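Please read all numbers here as calculations on a predicted model, not as lab measurements. All values below were derived from every heavy atom in this structure, side-chain atoms included, with hydrogens, water molecules and symmetry-related copies excluded.
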Protein chains: 2
Amino acid sequence: MTLTINEAATTTGWSPRMLRYVEQLGLVEPTRSAAGYRLYGPAQLQRLRTLKALLETHDVELGDVGFALRLRQEPELATALDDWFETTPAAPVGVPEGDWLAFEQDKQQHLLNR
Amino acid sequence: MTLTINEAATTTGWSPRMLRYVEQLGLVEPTRSAAGYRLYGPAQLQRLRTLKALLETHDVELGDVGFALRLRQEPELATALDDWFETTPAAPVGVPEGDWLAFEQDKQQHLLNR
DNA sequence: GCATCCCTGACATCTGCGTGTTAGGGTGGG
DNA sequence: CCCACCCTAACACGCAGATGTCAGGGATGC
């Protein structure tokens with residue numbers, strides 16, 4: 001129940017070249033035979049098909065999915081981004097401007113040094 | 001307490017061109033004067049500085065941050081990616097192979113049509 | 001044992017991003 | 001009223017991503 005790279009390519013619609021590229025991005029990693037041949041099982045094939053559909057339906061690129069993977073593998077990067085986005089674009093009500101700015105600067109400083 | 005684009009550029013280390021680009025990505029959006037001049041307040045200046053630091057310390061590109069923004073603005077894209085990553089790379093134990101694959105295919109189908 | 005597949009690595013192309021620069025036309029403070 | 005600044009739009013260009021293709025060297029199956 002495992003396909004070799006060319007077979008996997010024809011049944012998933014990817015090119016063999018792209019299958020190697022997708023693997024290199026860490027998105028779909030087939031097992032290897034004793035001789036080093038890539039072997040794609042049903043799970044990998046399904047992942048490849050849904051990945052293709054995902055790219056098309058949401059207008060996303062492989063690199064973007066790769067970045068999403070990075071976000072899952074580097075939590076500190078994810079939280080850094082969370083914190084940056086969470087920084088309110090306008091000063092919250094009830095806080096004097098100067099105080100608030102000082103607070104934000106201090107916050108960002110600590111976040112970056114973490 | 002608001003700076004014009006060239007002033008903002010010199011105090012943040014970005015070039016004016018890049019400030020317009022960052023704005024175009026939706027990452028830091030200054031207010032506008034009556035005549036259309038960009039006006040950067042303390043909050044925006046701070047965001048610009050921390051953004052720069054974020055890029056450098058985490059080896060991220062502006063496009064990546066833009067993609068992270070997309071993830072926040074398009075929750076369906078975020079969940080689609082969540083679901084794709086969550087798909088187990090190997091069949092769970094105790095489930096017959098055929099059943100599991102059919103289940104996964106059905107799941108992905110529904111996810112994509114959502 | 002020979003045709004056919006696989007592997008890795010490298011070069012070629014096309015496209016898009018990041019960034020600068022320039023042109024043509026308003027704005028604004030002294 | 002001028003000069004320095006701002007705006008948008010466009011072209012330029014180097015670099016990286018996405019993808020094909022080819023070369024040299026194994027594996028495999030009939």
Side-chain angles (χ1 to χ4, degrees), chain A residues 1-41 44-45 47-71 81 84, chain B residues 1-41 44-45 47-71 81 84:
Chain A
M1 273 310 299
T2 64
L3 302 190
T4 174
I5 194 172
N6 261 309
E7 299 163 338
T10 52
T11 67
T12 60
W14 294 92
S15 70
R17 178 66 166 86
M18 287 319 308
L19 289 189
R20 299 198 183 94
Y21 188 58
V22 167
E23 178 185 7
Q24 180 183 317
L25 293 181
L27 298 180
V28 176
E29 302 181 321
T31 59
R32 297 294 188 119
S33 79
Y37 286 20
R38 273 165 259 257
L39 298 178
Y40 292 84
Q44 280 84 38
L45 295 174
R47 254 172 109 67
L48 285 172
R49 295 199 193 93
T50 56
L51 176 58
K52 199 176 185 52
L54 183 66
L55 297 193
E56 288 162 1
T57 56
H58 288 85
D59 188 34
V60 176
E61 312 202 348
L62 275 179
D64 295 332
V65 185
F67 182 67
L69 176 62
R70 256 193 90 185
L71 287 182
L81 279 168
W84 190 81
Chain B
M1 272 309 298
T2 64
L3 303 189
T4 175
I5 193 172
N6 261 309
E7 299 163 339
T10 51
T11 67
T12 61
W14 293 93
S15 70
R17 177 69 166 84
M18 284 290 100
L19 290 189
R20 299 198 182 95
Y21 188 59
V22 167
E23 178 185 8
Q24 179 183 316
L25 293 181
L27 298 180
V28 176
E29 303 181 319
T31 59
R32 297 293 189 117
S33 78
Y37 285 21
R38 274 164 258 255
L39 298 178
Y40 292 85
Q44 280 84 38
L45 295 175
R47 254 172 107 67
L48 285 173
R49 295 199 192 93
T50 56
L51 176 59
K52 201 177 185 52
L54 183 66
L55 298 192
E56 287 163 1
T57 55
H58 288 85
D59 188 33
V60 176
E61 312 200 350
L62 274 180
D64 295 332
V65 185
F67 182 68
L69 176 61
R70 259 193 87 186
L71 288 181
L81 277 168
W84 188 81

Tell me the interatomic distance from [X], atom [atom1], to [N], atom [atom2], rounded to whole angstroms.
{"X": "B:L19", "N": "C:dG20", "atom1": "CG", "atom2": "P", "value": "10 Å"}
{"X": "B:Y40", "N": "D:dC7", "atom1": "OH", "atom2": "C1'", "value": "12 Å"}
{"X": "B:K52", "N": "C:dT19", "atom1": "NZ", "atom2": "C1'", "value": "12 Å"}
{"X": "A:D64", "N": "D:dA16", "atom1": "CG", "atom2": "P", "value": "18 Å"}
{"X": "A:Q24", "N": "C:dA10", "atom1": "CD", "atom2": "C1'", "value": "13 Å"}
{"X": "B:L39", "N": "C:dT27", "atom1": "CG", "atom2": "P", "value": "14 Å"}
{"X": "A:F67", "N": "D:dG17", "atom1": "CZ", "atom2": "C1'", "value": "16 Å"}
{"X": "A:Y21", "N": "D:dT19", "atom1": "OH", "atom2": "P", "value": "7 Å"}

Nearest-nucleotide pick for [X], side chain only, options being [options]:
{"X": "B:R38", "options": "C:dT19, D:dC7, C:dC7", "value": "D:dC7"}
{"X": "A:I5", "options": "D:dA18, C:dC7, D:dT28", "value": "C:dC7"}
{"X": "A:Y37", "options": "C:dC7, D:dC7, D:dG17", "value": "C:dC7"}
{"X": "B:L62", "options": "C:dC7, D:dC5, C:dT19", "value": "C:dT19"}
{"X": "B:R20", "options": "C:dG28, D:dC7, D:dA18", "value": "D:dC7"}

Identify, between B:S33 and B:E61, the residue whose nearest nucleotide on DNA chain C lies closer to the 5' end.
->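 Whichever sits nearer the 5' end wins; that is B:E61.
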Taking the side chain as every heavy atom from C-beta outward, state whether [X] and [Y] have any pair of such atoms under 4.5 Å apart.
{"X": "B:T11", "Y": "B:R49", "value": "yes"}
{"X": "A:S33", "Y": "A:L39", "value": "yes"}
{"X": "B:V65", "Y": "B:L25", "value": "no"}

Does A:P16 or B:A35 map to a spot on DNA chain D nearer the 5' end, using the closest nucleotide for each?
-> B:A35
Look at the side-chain N and O atoms of B:R32 and state whether any lies under 4.0 Å from the OP1 or OP2 oxygen of D:dT8.
->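 Checking D:dT8 against B:R32, a side-chain N or O does come within under 4.0 Å of OP1 or OP2.
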Between D:dT21 and A:R17, is there an OP1 or OP2 to side-chain N/O distance shorter than 4.0 Å?
-> no
Let me see the working for A:R70 and B:V60 under side-chain contact (heavy atoms from CB on, under 4.5 Å), right down to the final yes or no.
-> CA-CA 10 Å; A:R70 256 193 90 185; B:V60 176; 4.3 Å; yes
Is a salt bridge present between A:E23 and A:R32, judged by a nitrogen-to-oxygen distance below 4.0 Å?
-> yes
